[in-house]
Amino acid sequence: IELAYEIMRLRKKSGISQAALAKKIGTTQSNVARIEAGKQNLTTDTLQKIAAAFKRNLRIEFVK
C-alpha cells in the first residue's frame with residue numbers, strides 16, 4: 001500500500017494523468033488505477049518502468 005501511495009504521489013506531483021502514465025509504461029489507465037489502489041501485483045519490470053517514467057532510480061530493500 002505504501003508503494004501504491006508513493007506512485008500516486010509521484011504521478012500527481014508530476015502533473016500527469018493515469019492515462020499518460022499508462023502510455024509511458026505500456027499499460028492501460030485502468031491498470032494504473034489498480035496499481036495506485038494497491039490492488040495490482042507489481043513485477044520488478046513494471047516498477048522499473050514506473051521509476052523511469054518519473055526519472056527516478058528503483059531501489060528494492062529488505063529491512064529489519
Side-chain angles (χ1 to χ4, degrees):
I1 288 291
E2 273 185 52
L3 185 58
Y5 177 76
E6 181 67 12
I7 291 167
M8 182 173 56
R9 188 188 69 75
L10 281 169
R11 180 181 62 76
K12 288 183 176 184
K13 184 179 176 184
S14 298
I16 66 171
S17 66
Q18 288 181 342
L21 177 58
K23 187 174 182 178
K24 286 184 175 205
I25 66 172
T27 191
T28 63
Q29 177 276 326
S30 60
N31 197 32
V32 171
R34 283 192 300 276
I35 290 169
E36 291 183 353
K39 296 180 179 182
Q40 179 70 35
N41 289 329
L42 296 168
T43 64
T44 54
D45 183 55
T46 300
L47 288 171
Q48 186 60 48
K49 288 177 183 178
I50 292 168
F54 294 117
K55 296 184 171 118
R56 302 288 179 111
N57 292 317
L58 176 64
R59 181 176 69 194
I60 299 171
E61 296 180 320
F62 292 99
V63 294
K64 191 172 183 183

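Since this is a predicted model, take the numbers as computed values, not measurements.
When all heavy atoms of Ala51 and Asn57 are compared, the pair lying nearest together is CB-C, 4.3 Å. Heavy-atom minimum distance, Thr27 versus Asn31: OG1-ND2, 2.7 Å. Between Ala4 and Glu36, the shortest heavy-atom distance links the atoms CB-O, 3.5 Å. Residues Gln29 and Ala19 come closest through the heavy atom pair CG-N, 3.8 Å. Between Ile16 and Phe54, the shortest heavy-atom distance links the atoms CD1-CE2, 4.1 Å.
At a threshold of 4.5 Å between side-chain heavy atoms, the hydrophobic network of Ile, Leu, Val, Met, Phe, Trp and Tyr places Val32 and Leu58 in one connected group. In terms of hydrophobic clustering, with Ile, Leu, Val, Met, Phe, Trp and Tyr side chains grouped at heavy-atom distances under 4.5 Å, Tyr5 and Ile35 are assigned to different clusters. There is no path of hydrophobic side-chain contacts, each under 4.5 Å, that joins Met8 to Leu10.
Heavy atoms from other residues, nucleotides or ligands lying under 6.0 Å from NZ of Lys49 number more than 12.
Once rounded to the nearest 0.5 Å, the distance linking CD of Glu2 with CZ of Arg9 reads 12.0 Å. Atom-to-atom distance recorded for Ile1:CD1 and Glu6:CD is 13.5 Å, nearest 0.5 angstrom. Rounding to the nearest 0.5 angstrom, the gap separating the CD atom in Gln18 from the OG1 atom in Thr28 is 10.0 Å. One distance of note links CG of Leu21 with NZ of Lys24; it measures 8.0 Å at 0.5 Å rounding.
Qualifying salt bridge (charged side-chain N to carboxylate O under 4.0 Å, His left out) partners for Arg56, counting only residues two or more places apart in sequence or in other chains: none.
You'll find the side chain of Leu3 reaches within 4.5 Å of the side chain of Leu47, heavy atoms only. Looking at Leu42 and Ile7, their side chains come closer than 4.5 Å, going by heavy atoms from C-beta outward.
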